[in-house]
Amino acid sequence: MSSIQLYTSLLALIHLHSALPPASARIPSTLDGPFEPVTVPFDASAQRSAVDLPDTDYRVQRRVRGFLPEQISVSLSATHDSIWISWITGEYQIGYNVTPLNPKSVASVVRYGKLRYPLTHEAKGTALVYNQLYPFQGLQNYTSGIIHHVRLQGLKPSTLYYYRCGDPSIPAMSKIKHFRTMPLSGPRSYPNRIAVVGDLGLTYNTTATVRHLTRNGPDLILLVGDVSYANMYLTNGTGSDCYSCTFPLSPIHETFQPRWDYWGRFMQHLISKVPIMVIEGNHEIEEQCGNQTFVAYSSRFAFPSEECKSSSAFYYSFNAGGVHFVMLGAYIAYDKSAKQYKWLERDLANLDRTITPWLVAAWHPPWYSTYKAHYREVECMRVAMEDLLYFYGVDIVFNGHIHAYERSNRVYNYSLDPCGPVHITVGDGGNREKMAVEHADEPGNCPEPLTTPDPYMGGFCATNFTFGPAEGKFCWDHQPEYSAFRESSFGHGILEVKNETWALWTWYRNLDSYDDVGDQIYIVRQPDLCPIHQNVNKYRSAAQ
C-alpha cells in the first residue's frame with residue numbers, strides 16, 4: 001500500500017467534528033487528500049511582458065509638490081487596536097554629490113477619526129532619511145526623501161477610519177484617505193479576504209497582478225518578499241535581466257534606489273487603504289559599503305516589532321482576527337541559538353489557540369518546492385525550524401522566491417502527514433526575472449548538491465534522501481507525492497477564513513478573466529486529530 005493510500009485510510013477512520021463550510025460541495029478540501037500530484041503544462045504566453053515600467057510611466061512619476069506626502073501606506077500593529085501610517089515627503093536625490101534632507105524639518109502628523117469631517121484625533125510619529133553611498137568613481141549616490149511612520153492607537157475593531165497625514169504647520173497635508181481595522185481576535189472573527197503575493201516587482205505583469213488583486217477587494221495584503229527589484233539596476237538607472245551578472249566591473253553590487261520610490265507611488269492607490277505586511281526577500285539585501293544591508297526595506301516599511309517583542313524588522317508577528325501570523329527571516333540567523341529562534345519559541349508559547357485558532361507562517365524562500373530554481377536552497381532553515389513550527393501546529397505556510405505557483409499536500413519532513421501544514425508558494429507576482437518552468441524531478445534537471453547551499457547564510461544541509469521514494473537520490477524522478485499542484489503562471493492568492501476550522505484558498509492567474517480560478521481548495525484544521533498541547537509536549541521532551 002502506498003503512503004498516499006495509508007494516509008487516506010487514516011483520515012477515513014477519524015471522526016471529524018469540524019463545522020462544514022458554506023457552499024463546499026464542488027470545492028475539494030484537504031480532508032479529501034492527499035491528492036495525486038498535478039502539473040499544469042506550461043503556457044508560453046505566461047512569459048509575456050516581463051518588462052519593468054519605465055520612469056516615464058505616469059504611474060511611477062512624482063505627482064505632488066514641495067513637502068506634500070506621497071507613497072502613503074498602511075500596515076498593521078500586533079493587534080486590532082493599532083495601525084501604522086507611513087509616507088514620504090520631499091524629493092529623493094541621486095548623483096555624485098547629494099545633500100540629505102533634515103528629517104526634523106517636516107513634522108510627522110496624522111489626523112484621523114470615524115467621520116470624514118471633522119478628524120477629531122491626532123497622532124505624531126518619527127521621521128528618518130536613509131542614504132546609499134558608493135565612494136567609487138562612476139557610481140552614483142542616493143539619499144531618500146523624508147520617511148515618516150506614525151502609530152495610531154486606541155482604535156475600535158472592524159471600524160472604518162478616515163485620515164490625513166503630513167505636516168499641518170507648513171501646511172502640507174494629504175487628501176483624506178481611509179482604512180478599516182482588523183476584527184477583534186476570536187474564533188469566529190476573521191477578515192473577509194487576505195491577499196497573498198510574492199516577488200512582485202514593477203513590471204507590466206505586476207500591473208496585471210495588482211489589478212486582479214484589487215478587484216478581489218482584500219482586507220489585508222501579505223507580501224512574502226522581493227518587493228521593488230531595485231538591485232537589478234546600476235546606479236545610473238540601467239537595468240539588467242541577469243541578477244548574477246549585472247555588475248561584473250563594479251567594486252560592489254549596485255542598486256538603483258529610485259525604483260523603490262516608483263514602487264511606492266504605483267502601489268499607493270491600494271496600500272494607502274488596505275494594510276500591507278511585508279517580509280524581506282533576497283532582493284531586499286542590497287549590500288552597501290560598511291556591510292550595510294536591508295536599509296531600504298527596514299526604512300520604508302513600518303513593522304510591529306516592538307509590539308510583538310521581536311526588536312527586529314526581519315521577524316515579527318501580528319493578529320488579524322482569529323489568525324496569528326508569524327513572519328520569519330530567512331536571511332538572518334535562524335538556528336536554535338539565534339535571537340530569531342528564541343523569539344519564535346516565546347511567541348508560539350504565548351499563543352492562545354482558543355482566541356486565534358489559525359496559525360499562519362510566512363517567509364521568502366520555500367522549504368518545499370519541486371522547481372529546479374533554488375531547489376533545496378534553504379534546507380538548513382528547514383532543519384533548524386520545521387520541528388518547532390510543526391509541534392506548535394502551524395496550519396499554512398506561505399512563501400515566494402520561486403517564480404511560479406505550487407501547493408503541497410500536508411507535509412512534514414518530506415513525508416505526507418495529516419498534521420503537517422499546507423505549504424503554498426506564490427512567487428509569481430510579476431517580477432522581471434520571468435517564470436520558473438523547469439522541475440527538479442524532470443530528466444536532466446536535478447542540480448548537483450554542491451550547487452544548492454544557501455548563498456546568503458552559507459549553510460549546506462541538503463544531501464541525498466535517506467528515506468522515502470527518493471531514498472539514495474537528491475531529487476525525485478517524478479513529481480513528489482507532497483506536491484499536490486504546480487503551475488508556472490503569474491498571479492496571486494486569496495485566503496478566506498470561514499470559521500475556526502475551515503478556510504478557502506483560491507489562486508488566480510493573470511491570464512484568466514477576473515472570475516476564473518486557477519486553483520482552489522478548502523484547508524481544514526483538525527484539532528481533534530492534531531491537538532496542539534500534545535505536539536508541544538512532544539517537542540519539549542525531544543528538545544530536552
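FYI, the numbering just counts along the sequence from 1. Bear in mind that the values here come from a model prediction, so they are computed numbers and not experimental data.
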- Task: Kindly indicate, with the supporting measurements, whether the criterion side chain to side chain contact (heavy atoms under 4.5 Å, CB included) is fulfilled by Leu155 and Tyr161.
- Result: CA-CA 9 Å; Leu155 306 177; Tyr161 283 88; 3.8 Å; yes
- Query: Between Tyr405 and Asp519, is a side chain to side chain donor-acceptor pair (under 3.5 Å) present by the stated rule, with each step listed?
  - Reply: CA-CA 10 Å; Tyr405 173 75; Asp519 181 41; 2.5 Å; yes
- Are Thr452 and Glu377 close enough, and set up right, to give a side chain to side chain donor-acceptor pair (under 3.5 Å), and what steps lead you there? CA-CA 5 Å; Thr452 61; Glu377 181 180 270; over 6 Å; no
- Message: Checking Thr209 against Leu200 for the side chain to side chain contact (heavy atoms under 4.5 Å, CB included) test, could you report, in this order, the C-alpha distance in whole Å, the side-chain angles of both residues, the deciding distance, and whether it holds?
- Response: CA-CA 8 Å; Thr209 300; Leu200 199 54; 4.1 Å; yes
- Worked check of side chain to side chain donor-acceptor pair (under 3.5 Å) between Glu254 and Thr235: CA-CA 6 Å; Glu254 300 175 50; Thr235 61; 3.1 Å; yes
- Hey, mind stepping through Leu495 and Arg193 against side chain to side chain contact (heavy atoms under 4.5 Å, CB included) and telling me if it holds? CA-CA 6 Å; Leu495 180 68; Arg193 290 188 176 99; over 6 Å; no
- Query: So Ser82 and Arg151, side chain to side chain donor-acceptor pair (under 3.5 Å) or not? Walk me through it.
  - Reply: CA-CA 7 Å; Ser82 181; Arg151 183 183 173 197; 2.7 Å; yes
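The stretch residues 254-279 participates, sequence neighbours left out, in no ring pair (Phe, Tyr, Trp, His ring centres under 6.0 Å) pair at all. Residues in residues 97-131 take part in these ring pair (Phe, Tyr, Trp, His ring centres under 6.0 Å) pairs, two or more places apart or across chains: Tyr112-His121, Tyr130-Tyr142. Within the structure, the salt bridge (Lys or Arg N to Asp or Glu O under 4.0 Å) test picks out the following pairs touching residues 111-132 (sequence neighbours left out): Arg111-Glu122. Residue pairs meeting the salt bridge (Lys or Arg N to Asp or Glu O under 4.0 Å) criterion with at least one member in residues 289-299, sequence neighbours excluded, do not occur. Under the salt bridge (Lys or Arg N to Asp or Glu O under 4.0 Å) criterion, no residue pair touches residues 268-283, with sequence neighbours excluded.
In this structure a side-chain-to-backbone donor-acceptor pair under 3.5 Å is present from Asp167 to Ser169. The backbone N or O of Cys308 lies less than 3.5 Å from a partner atom in the side chain of Trp343, making a donor-acceptor pair. Checking side-chain atoms of Thr181 against main-chain N and O of Lys156 turns up a donor-acceptor pair under 3.5 Å. Judged purely by atom type and a 3.5 angstrom limit, Thr238 has no side-chain atom pairing as donor or acceptor with the backbone of Leu234. When atom types are taken as modelled, the side chain of Glu70 and the backbone of Val64 share no donor-acceptor pair closer than 3.5 angstrom. A distance-only check finds no donor-acceptor pair linking the side chain of Asn131 to the backbone of Ser144 [under 3.5 Å]. Judged by distance alone, the side chain of Ser108 and the main-chain N or O of Val150 form no donor-acceptor pair under 3.5 Å. At distances below 3.5 Å, at least one donor-acceptor pair connects side-chain atoms of Arg265 with backbone N or O atoms of Val60. At least one donor-acceptor pair closer than 3.5 Å links the side chain of Ser305 to the backbone N or O of Ser312. Asp199 contributes no side-chain N or O that, together with a main-chain N or O of Gly400, makes up a donor-acceptor pair within less than 3.5 Å.
In this structure, Asn97 places its CG atom where only 12 or fewer heavy-atom neighbours from other residues, nucleotides or ligands lie under 6.0 Å away. At most 12 heavy atoms of other shown residues, nucleotides or ligands fall within 6.0 angstrom of atom CD in Glu306.
The distance from the CG atom of Asn205 to the CG atom of Asn431 is 8.5 Å, given to the nearest 0.5 Å. For the atom pair OG of Ser75 and CE of Met277, the computed distance is 5.5 Å after rounding to the nearest 0.5 Å. Atom OH of Tyr456 sits about 15.5 Å away from atom CD1 of Ile332, to the nearest 0.5 Å. One distance of note links CH2 of Trp505 with CZ of Phe398; it measures 4.5 Å at 0.5 Å rounding. The OG atom of Ser310 sits 9.0 Å away from the CG atom of Asp347 when rounded to the nearest 0.5 Å.
For the pair Val74 and Ile83, the minimum side-chain heavy-atom distance is below 4.5 Å. Between Leu270 and Ile221, the closest side-chain pair of non-hydrogen atoms falls below 4.5 Å. When side chains are defined from C-beta on, Gln71 counts as touching Asp261, because their heavy atoms get closer than 4.5 Å.
In terms of the salt bridge (Lys or Arg N to Asp or Glu O under 4.0 Å) criterion, residue partners of Glu438 (sequence neighbours excluded) are, by chain and number, Lys372. Residues forming a ring-ring contact (aromatic ring centres under 6.0 Å, His included) with Tyr162 (at least two apart in sequence, or on another chain): none. Under the ring-ring contact (aromatic ring centres under 6.0 Å, His included) criterion, Phe301 pairs with no residue, sequence neighbours left out. For His401, the ring-ring contact (aromatic ring centres under 6.0 Å, His included) partners are His364, His374, not counting sequence neighbours. The salt bridge (Lys or Arg N to Asp or Glu O under 4.0 Å) test applied to Asp512 returns Arg509, not counting sequence neighbours. Among residues two or more places apart in sequence or in another chain, the ring-ring contact (aromatic ring centres under 6.0 Å, His included) test is passed with His80 by none. Scanning for salt bridge (Lys or Arg N to Asp or Glu O under 4.0 Å) contacts around Asp57 gives Arg59, with sequence neighbours left out.
A cation-pi arrangement is present between Arg432 and Tyr233, with the terminal nitrogen or guanidinium carbon under 6.0 Å from the aromatic centre and inside a 45° cone about the axis.
A donor-acceptor contact closer than 3.5 angstrom links the side chains of Trp507 and Asp428. For the residue pair Glu307 and Trp84, a side-chain donor N or O sits within less than 3.5 Å of a side-chain acceptor on the partner. Between the side chains of Thr206 and Thr203, at least one donor N or O lies within less than 3.5 Å of an accepting N or O. Residues Gln257 and Gln132 have side chains that bring a donor and an acceptor to within less than 3.5 angstrom of each other.
Using a 4.0 Å cut-off between a side-chain N of Lys or Arg and a carboxylate O of Asp or Glu, Asp335 and Lys342 do not qualify as a salt bridge. Salt-bridge annotation for Arg382 and Glu379: present, with a side-chain N of the basic residue lying under 4.0 Å from a carboxylate O of the acidic one. Salt-bridge annotation for Arg62 and Glu91: present, with a side-chain N of the basic residue lying under 4.0 Å from a carboxylate O of the acidic one.
Taking each heavy atom of Cys289 and Pro135 in turn, the nearest pair found is SG-CD, 3.3 Å.
Between Phe303 and the options Phe318, Tyr297, Tyr315, a ring pair (Phe, Tyr, Trp, His ring centres under 6.0 Å) holds for only Tyr297.
The ring of Tyr229 has its center closer than 6.0 angstrom to the ring center of His283. Centroid-to-centroid, the aromatic rings of Tyr341 and Tyr334 stay 6.0 Å apart or farther.
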